[in-house]
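Have a look at the structure below before the remarks.
Chain naming here is simple, since letters A, B, ... match the order of the sequence lines and numbering starts at 1 in each.
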Amino acid sequence: MPELPEVETFARSIAGGVGGEALVSSTSSGLRYVKESVCEVEDIAPGTVIEGYRRHGKALFLKLSSGRWLYIHFGMSGRPLVFDGDEPPYTRLRLDFEGRSLSVQDPRRLGGVGVLDSPEDYLLPRRRGPDALSVGREELLSRLKGGRAVKAALMDQSLIAGVGNLYADEVLFQAAVLPRRRVDSLHEEERAAVHEWIGRALRASLDAGTDLSRLPEGMMLRVRSKDGTCPRCLIPWSVGTVGGRTSYFCEGCQR
DNA sequence: TTTCATGTTCAGCA
DNA sequence: GTGCTGAACATGAA
């Protein structure tokens, strides 16, 4: 599930669900620790409170009352669930508070965790680019260079952070640019459209509660499937691999 | 049984 | 250095 809109939604539900409550205990199993982690989640002191969060791209940092940050990455299949009672299946990280508990379920275990002194301890070594939701036009355009496929560039977290395979397809569909186009072949209007649609696509998903079937008419993620068709031309999607990922695009609308 | 999957990282190669 | 491909990670779902 998780690209930027999903992670932002996860963050809000965690903050709303267990924010401000006192931690009783925490455990993790099966998730990989980032090497910058200063301790294990079991070492977070009882009584610690989640005071807020920071999200950068697809990475989430929960602000702890100790001053440290709990880093969570949801990988490909992770999602949080506030629960009360039986532990949900595939729970890989569990935080028990006085009232209820937080599970991070992750069947595929491709997510990551860590306890950090600062989010920058994670972000800087990985040279993460600016967050895709707030990147300015000039900043994006100055970073958008090189001869590689534009879709590969959009998914490169060191260029901008937060766009993954699905939203890259949506952005390029709306900007009417084929995913294999070289970045340095984009015209000025196309570059501007790419920037505009990064923001619009991510916000549209947030507004729809990340339920892609609830996206506005005309967005491709509603119908991005093998038997789906372009909402404009009504011709079937072309499917191919770009940047190592399956890509859907419309050969009628995108140039 | 085989293939594919909304992510990240790294090795190998042109 | 740039950019691409494939693989690994681990497991469910089609």
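A:R128 comes within 4.0 angstrom of sugar-phosphate atoms only, judged by non-hydrogen atoms across all strands, and of no base. Note on A:Y90: only backbone sugar-phosphate atoms sit closer than 4.0 angstrom, heavy atoms only; bases stay farther off. At the heavy-atom level, A:G147 lies under 4.0 Å from the strands shown only through sugar-phosphate atoms.
Pairing of B:dT6, defined by two Watson-Crick or G-U wobble distances under 3.5 Å, is not identified with any nucleotide. Of the nucleotides present, none pairs with C:dA10 by Watson-Crick or G-U wobble criteria with both distances under 3.5 Å.
Between C:dC4, C:dG12, B:dG7, one nucleotide has an atom nearer to the side chain of A:R245 than all others, and that is B:dG7.
Atom-to-atom, CG of A:D184 to C1' of C:dT2 comes out at 12 Å; the value is rounded to the nearest Å. Separating the CG atom of A:D106 from the P atom of B:dG7 is a distance of 13 Å, rounded to the nearest angstrom. Computed from coordinates, the A:E3 CD to B:dA5 C1' distance equals 12 Å when rounded to whole Å. Atom NZ of A:K226 is separated from atom P of B:dC4 by 9 Å (rounded to the nearest Å). To the nearest angstrom, C1' of B:dG7 lies 17 Å from CG of A:L159. What separates CZ of A:R127 from P of C:dG1 is a distance of 9 Å, to the nearest Å. Atoms CG (A:L31) and P (C:dA10) sit 11 Å apart, rounded to a whole Å. Summarising the geometry, the separation between CG on A:L110 and C1' on B:dG7 is reported as 7 Å, rounded to the nearest angstrom.
Residue whose closest nucleotide on DNA chain C sits further toward the 5' end, between A:A149 and A:R92: A:A149.
Distances shown here put every side-chain N or O of A:H73 at or beyond 4.0 Å from the OP1 or OP2 atom of B:dG7. Contact annotation: A:R126 side-chain N/O to B:dT9 OP1/OP2 distance is under 4.0 Å. Close to B:dA5, at under 4.0 Å from its OP1 or OP2, lies no side-chain N or O of A:R108. The side chain of A:K58 contributes an N or O atom lying less than 4.0 Å from OP1 or OP2 of B:dT8. A close approach under 4.0 Å does occur between a side-chain nitrogen or oxygen of A:T246 and OP1 or OP2 of B:dA5.
Atoms CE and OH, on A:M220 and A:Y248 in that order, are 9.0 Å from each other to the nearest 0.5 Å.
Spacing of C1' atoms, C:dC9 relative to B:dT1, comes out at 22 Å, to the nearest Å. Annotation: C:dA7 and B:dT3 have their P atoms spaced 13 Å apart (nearest Å). Separation of the P atoms belonging to B:dT8 and C:dG1 is 23 Å when rounded to the nearest angstrom. Here, C:dG3 and B:dT6 have their P atoms 23 Å apart, quoted to the whole Å.
A salt bridge links A:R222 with A:E217: at least one charged nitrogen is closer than 4.0 Å to a carboxylate oxygen.
In this structure, a donor-acceptor pair under 3.5 Å is present between the side chains of A:Y122 and A:R128. Side-chain contact of A:Q105 with A:S103: a donor-acceptor pair under 3.5 Å is absent, judged by distance alone.
For A:F61 and A:Y53, the gap between ring centers reaches or exceeds 6.0 Å. Taking the six-membered ring for Trp, A:W237 and A:F173 have ring centres closer than 6.0 Å.
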